[in-house]
2 protein chains.
Amino acid sequence: MAKAAKSITPPEKVNDETLRAHVGYHMKRAFNIVQADLTLTLKPFELRMLTYTALALIVGNPGLSQAQLAQAMGIERPNLVVIVDELERRELIVRDKVPTDRRAYALTATLAGRRLFGKANAAVIAHENRLFADMDDATRATLTDALSRIRKQEKT
Amino acid sequence: MAKAAKSITPPEKVNDETLRAHVGYHMKRAFNIVQADLTLTLKPFELRMLTYTALALIVGNPGLSQAQLAQAMGIERPNLVVIVDELERRELIVRDKVPTDRRAYALTATLAGRRLFGKANAAVIAHENRLFADMDDATRATLTDALSRIRKQEKT
DNA sequence: CATAATAGTTATAAGGCATATCTGTTATTG
DNA sequence: CAATAACAGATATGCCTTATAACTATTATG
């Protein structure tokens, strides 16, 4: 009974029974933790989740257009612009003109970009191994599979 | 081959193999979908995820203080103020003075608040059943359990 | 060719979240 | 017990994420 002290009004422990009945509640709580840890993990590389994700997709899809990238990231084009701006300014990627379509840019990672991504990605893998340390591979696979099966509903 | 059209540069389908190796990536994608659907679900009640959550916790913990609520929701006190303001303005909750501690407020849901929450919560349950329709109860339990086992790491 | 559609951009706004700071109030402690 | 620390709530402020509207330049279409 360390510091029982002065319990203001009702319970010391807040009852969240109603919310715990919802899967989405657990998803949010878990993701908050993962996200916070990921932010710390990426900080040494001066990357945020969004810039890391964009860089990952550009590295894995050389020549990608901004519209494709925005679509893949599930964000709107205007919001992607500043992300691509930042990666370009840091010379991690280049915006090349597409000869066959002068409206579009072909995004490609530079050598520095690929190198930084390699290091950042290794850190992210370590971060995940740390966070999911007490979760065996089978459970981890089940978790991943269950999550990836959640899909948008068709609007009948 | 419906609309193959004019494939700008590289693939039609963006390769996110690297990202798919991370559980957090699947968590974010899945949560985005759940969150978007939840927003639509709560709209008829003029609730957002945060106001719904706050209301749920106040209904389930009558007399809760704002500090306790903020801590339970994992947000900072200043951000809770506006949420509680909104619920109070809509007369879904009341801020009662705590006689034993004149600094604190005891939050309690009004009858209208409890009624609205009842309806909203039923809608949220329906929303989850819809989203997780193709997931059997065992998988759903495994998912919930795996998610709730993700914990903040001790900073050795 | 006129019009629509597309790629990228700019401007703008709203929501979510954090920090610093302030006012009262309560707790601690020398 | 008076001085100080700690706490509850509130205000101000700023950053990040995301969305929409509207603009330019270019390409596609009827």
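Each chain gets a letter, A, B and so on, in the order the sequences are listed, and its residues count up from 1. What you see is a predicted model, and the numbers here were worked out from it, not measured in a lab.
The side chain of Tyr105(A) lies closest to dT9(C) when the candidates are dA8(D), dA10(D), dT9(C). For Ser65(A), taking side-chain heavy atoms from C-beta onward, the closest of the listed nucleotides dA21(D), dA8(D), dG8(C) is dG8(C). Which of dG9(D), dT9(C), dA12(D) sits closest to the side chain of Pro78(B) comes down to dA12(D). Across dT11(D), dT26(C), dA11(C), the shortest atom-to-atom separation from the side chain of Arg102(B) is found for dT26(C). Distances from the side chain of Asp101(B) to the nucleotides dT25(C), dT10(C), dA12(D) place dT25(C) closest.
Using a 3.5 Å distance cut-off with no hydrogens or angles, the side chains of Arg95(A) and Gln66(A) do pair a donor with an acceptor. Judged by distance alone, the side chains of His22(A) and Asn121(B) do bring a donor and an acceptor atom under 3.5 Å apart. With no hydrogens or angles considered, a side-chain donor-acceptor pair links Asp136(B) and Thr139(B) at under 3.5 Å.
Across the protein-nucleic acid pair, Lys97(B) atom NZ and dG9(D) atom C1' stand 11 Å apart, rounded to whole Å. Atom CZ in Phe31(B) sits roughly 14 Å away from atom C1' in dT18(D) (whole-Å rounding). Note: CD (Glu76(B)) to P (dA8(D)) measures 13 Å, nearest angstrom. Per the geometry, CG belonging to Leu69(B) stands 13 Å off C1' belonging to dA8(D), to the nearest Å.
Between the base of dT6(C) and the side chain of Arg103(A) there is a donor-acceptor pair shorter than 3.5 Å.
Residue-level contact check: Arg77(A) touches the bases, meaning some heavy atom is under 4.0 Å from a base atom. The residue Gln66(A) sits close only to the backbone: its heavy atoms come under 4.0 Å of sugar-phosphate atoms, none of a base.
In this structure, Arg151(B) contributes its side chain and Leu131(A) its backbone to no donor-acceptor pair below 3.5 Å. When atom types are taken as modelled, the side chain of Gln68(B) and the backbone of Ser65(B) share a donor-acceptor pair closer than 3.5 angstrom. A donor-acceptor pair under 3.5 Å is absent between the side-chain atoms of Thr108(A) and the main chain of Pro62(A), judged by distance alone.
Toward the 5' end of DNA chain C, the nearer of the two residues Asn32(A) and Leu107(A), judged by each one's closest nucleotide, is Leu107(A).
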Identify all pairs in which a protein N or O lies below 3.5 Å from an N or O of nucleotides 12-16 of chain C, and state each distance.
residue	atom	partner	partner atom	Å
dG16(C)	OP2	Arg48(B)	NH1	2.2

Please list every donor-acceptor pair under 3.5 Å in which a side-chain atom of residues 27-38 of chain A meets a protein atom from a residue at least two apart or in another chain.
residue	atom	partner	partner atom	Å
Lys28(A)	NZ	Asn32(A)	OD1	3.4
Arg29(A)	NH1	Tyr25(A)	OH	2.9
Arg29(A)	NH1	Ala72(B)	O	3.3
Asp37(A)	OD1	Arg130(A)	NH1	3.2
Asp37(A)	OD2	His127(A)	ND1	2.6
Asp37(A)	OD2	Arg130(A)	NH1	3.2

Full working for salt bridge (Lys or Arg N to Asp or Glu O under 4.0 Å) between Arg89(B) and Asp85(B): CA-CA 6 Å; Arg89(B) 185 170 34 74; Asp85(B) 279 351; over 6 Å; no
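Taking the ring centre of Phe132(B) as origin, the terminal cationic atom of Arg140(B) falls outside the region bounded by 6.0 Å and 45° from the ring axis.
The stretch residues 80-96 of chain B has no heavy atom under 4.0 angstrom from DNA chain C at all.
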